[in-house]
Amino acid sequence: MSRKQRDPESRQKDSGSYCWNWKKCSAVASPALAIAFACSLVYLLVLIFARKPSCLLHSSRSSSFSSSIASSTSSSLPKPTTFSFVDVETRPIEDEDDDDSSDPAGKMASLGNIVFGIAATARLWDRRKSYVKLWWRPNEMRGFVWLDEAIQNYSSGALPPSRISGSTAGFRYTHRGGRRAAIRISRIVSETFRVGLPDVHWFVMGDDDTIFVPDNLVKVLAKYDHRKFYYIGASSESHHQNLMFSYGMAYGGGGFAISYALASALEQRHDECLERYPFLYGSDDRIHACMSELGVPLTKELGFHQLDVHGDVSGLLSAHPIAPFISMHHLDVIHPIFPGVGQAAALRHLSKAVDIDPAGIFQQSICYDRQRSWSISVSFGYMVKVIRGGLKAPRDLETPTRTFMSWNRRFDEDGYSFTSLPPPKSPCDVPLVFHMKEVAYASRDGMSVSNYTQTRTKKHGGDCPSKSAEELRWIQVLKERTKDSWFVAPRRQCCQIMSVASHSMRLLVRDCRDGELIL
């Protein structure tokens with residue numbers, strides 16, 4: 001019966017529902033309700049599992065619309081050719097490289113795990129090889145001197161073996177103020193890697209006018225895992241140089257270290273990376289550019305010293321940061337670090353203290369003689385300074401004094417990447433300087449004794465306080481050997497005055513006691 005044929009009385013029996021006979025209506029509606037319920041259930045499952053319900057796509061119109069969307073999407077977007085979505089098993093994240101939890105670096109580095117790449121030129125090698133001889137240990141160390149051309153009668157007895165760098169004629173170099181040698185030097189990392197020496201953890205680069213302290217280098221690198229990507233070095237001392245190049249760049253003259261894992265990745269793409277940067281100036285900024293492409297930042301260690309300064313560096317070295325001294329560059333630019341001798345002889349003299357306490361070399365300790373108003377700064381293996389005219393705060397004594405010029409040959413107070421102080425203006429504030437004369441072991445437990453003699457004997461005259469300081473002729477320093485734990489948690493050693501005589505003074509440098517202050 002159609003809706004129009006139903007009588008009004010039957011409509012009145014309807015209590016708001018069209019089908020008032022529920023038994024008949026349920027029989028008719030059951031299939032439809034079942035379908036609706038099933039579809040709703042599927043839809044709920046879709047909301048949970050993010051899948052599209054098939055019941056929503058049963059009509060041909062819906063199927064055609066979905067197909068058109070899919071085809072238009074696929075035609076406007078490129079299809080992935082490398083990656084595909086696959087079902088993966090969910091599991092906890094683990095560090096697969098850490099197979100030995102007791103040794104986070106996998107295997108502690110030793111000197112034999114380091115390979116050096118030394119950049120040199122045939123023209124300057126005869127003069128600079130004496131610097132390399134000072135720190136190279138033929139039977140303990142591995143590495144190569146990379147030359148631009150062969151040298152006749154090259155003797156490798158006390159020196160690393162030499163190799164000739166590959167040709168760089170196919171590389172572009174467009175910087176107007178630089179030299180093409182930068183390309184050759186930047187490739188030393190990859191060329192050293194391709195030699196294929198076994199059991200290598202680190203590649204260390206440096207120049208032929210750079211000296212290293214190998215023992216300190218080993219202990220610094222031992223803090224890092226060579227299986228990870230590490231690019232370790234330091235910025236320049238010149239603020240202007242860092243602005244011109246980058247504060248995030250390791251300066252190659254001061255030396256830098258690259259882990260084996262990073263060297264392997266660099267070697268694969270090094271040459272093509274160099275092709276993208278023909279406009280750069282030097283070798284180290286080319287390495288930095290390639291490090292940036294690999295996404296590896298510079299890990300800074302303050303013991304690498306580019307020494308982009310000129311002249312007398314005593315004000316810088318005598319206030320060395322609390323960090324192991326690793327390297328020093330530009331030996332032909334700075335004055336000899338000890339007076340009265342050439343640079344090679346001065347460094348040979350320094351090596352006597354390096355052999356006894358390498359971690360302690362140049363490390364500063366501070367003493368005070370309150371009775372005489374003396375402030376005393378001890379730089380082990382190098383110099384002792386006695387400053388009169390009142391007690392100076394430790395933060396002032398640990399700040400370098402500008403005895404040197406900037407890289408632009410100016411006494412520029414703003415030209416450095418570190419805080420510095422001007423030289424004293426008053427003659428009475430000029431420190432009395434004592435340079436190391438001799439050093440030796442004082443006991444079997446590593447205690448050393450070093451003597452320092454005054455080298456600036458000019459009388460200042462006037463009414464300077466504590467004129468008795470000018471009568472000092474030598475200072476003796478007893479020092480405890482620097483412990484290995486200092487490399488992990490460095491702290492300045494404390495200094496104690498043992499005795500003062502008319503012409504001499506004895507000091508003790510030791511680890512600070514609990515609760516002890518420098519002042």
Side-chain angles (χ1 to χ4, degrees), residues 314-315 317-320 337-341 346 349-357 360-392 394 397-398 401 403 424 427-482 492-512 516 518-519:
S314 62
L317 295 180
S318 62
H320 192 275
I337 62 174
F338 286 101
V341 295
H349 185 58
L350 180 73
S351 66
K352 299 174 184 176
V354 172
D355 292 341
I356 289 178
D357 189 358
I361 195 68
F362 290 128
Q363 293 306 308
Q364 184 187 28
S365 300
I366 297 171
C367 297
Y368 292 100
D369 188 331
R370 289 174 171 78
Q371 180 181 355
R372 299 174 178 82
S373 295
W374 292 352
S375 301
I376 304 166
S377 171
V378 180
S379 177
F380 173 73
Y382 182 43
M383 71 166 51
V384 177
K385 293 192 291 187
V386 178
I387 302 140
R388 303 162 297 168
L391 304 182
K392 308 296 182 183
L397 294 176
E398 69 183 11
T401 302
T403 58
C428 297
D429 293 333
V430 175
L432 302 175
V433 178
F434 300 75
H435 282 95
M436 186 192 74
K437 182 179 182 181
E438 53 197 2
V439 60
Y441 284 109
S443 63
R444 293 182 179 180
D445 59 359
M447 180 77 74
S448 65
V449 55
S450 50
N451 294 326
Y452 302 76
T453 58
Q454 186 173 350
T455 52
R456 298 179 184 179
T457 58
K458 180 180 178 181
K459 304 293 183 180
H460 297 297
D463 296 326
C464 296
S466 300
K467 289 179 68 70
S468 59
E470 296 184 6
E471 302 302 322
L472 290 173
R473 291 292 174 263
W474 62 272
I475 298 175
Q476 186 176 80
V477 177
L478 292 171
K479 182 183 180 300
E480 290 183 357
R481 185 178 176 87
T482 308
R492 193 182 305 283
Q493 287 185 307
C494 287
C495 177
Q496 178 181 346
I497 297 177
M498 303 297 290
S499 64
V500 178
S502 58
H503 298 291
S504 64
M505 179 165 54
R506 296 179 73 246
L507 307 174
L508 173 63
V509 174
R510 52 168 174 74
D511 292 341
C512 297
E516 186 175 7
I518 299 296
L519 184 60

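In what follows, every heavy atom counts, from backbone to side chain, and hydrogens, waters and symmetry copies are set aside.
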- Partner set under side chain to side chain contact (heavy atoms under 4.5 Å, CB included) for Ile356, not counting sequence neighbours: Val439, Tyr441, Ser448
Heavy-atom closest pair, residues [X] and [Y]:
| X | Y | value |
| --- | --- | --- |
| Ile497 | Cys367 | CG1-CB, 4.1 Å |
| Gly446 | Arg481 | O-CB, 3.5 Å |
| Ala442 | Leu478 | CB-CD2, 4.3 Å |
| Thr403 | Gly315 | OG1-N, 3.0 Å |

- Message: So Arg510 and Glu516, do their side chains get closer than 4.5 Å, heavy atoms only?
- Response: yes
- Check the pair Arg372 / Val500 against side-chain contact (heavy atoms from CB on, under 4.5 Å), numbers first and verdict last. CA-CA 10 Å; Arg372 299 174 178 82; Val500 178; 3.8 Å; yes
- Say whether, by atom type as modelled, one donor and one acceptor occur between the side chain of Tyr452 and the main chain of Val433 under 3.5 angstrom. no
To the nearest 0.5 Å, tell me how far [X] [atom1] sits from [Y] [atom2].
| X | Y | atom1 | atom2 | value |
| --- | --- | --- | --- | --- |
| Lys479 | Cys495 | NZ | SG | 11.0 Å |
| Ile366 | Leu391 | CD1 | CG | 11.5 Å |
| His435 | Ile475 | NE2 | CD1 | 12.0 Å |
| Lys437 | Thr453 | NZ | OG1 | 6.0 Å |
| Tyr368 | Ile518 | OH | CD1 | 8.0 Å |
| Leu432 | Trp374 | CG | CH2 | 8.5 Å |

- With Glu480, which residues qualify under salt bridge (charged side-chain N to carboxylate O under 4.0 Å, His left out), at least two apart? none
- Sorted by chain and residue number, the salt bridge (charged side-chain N to carboxylate O under 4.0 Å, His left out) partners of Asp511 (sequence neighbours excluded) come out as Lys483
May I have the list of side-chain donor-acceptor pairs in residues 501-509 shorter than 3.5 Å, sequence neighbours left out?
{"from": "His503", "atom 1": "ND1", "to": "Glu471", "atom 2": "O", "distance (Å)": "2.9"}
{"from": "Arg506", "atom 1": "NE", "to": "Gln476", "atom 2": "OE1", "distance (Å)": "3.1"}

- By ring pair (Phe, Tyr, Trp, His ring centres under 6.0 Å) - contacts of His349 (at least two apart): Phe338
For residues 376-387, which side-chain donor-acceptor pairs fall under 3.5 Å, sequence neighbours excluded?
{"from": "Ser377", "atom 1": "OG", "to": "Gln364", "atom 2": "NE2", "distance (Å)": "2.9"}
{"from": "Ser379", "atom 1": "OG", "to": "Phe362", "atom 2": "O", "distance (Å)": "3.3"}
{"from": "Lys385", "atom 1": "NZ", "to": "Ser318", "atom 2": "OG", "distance (Å)": "3.3"}

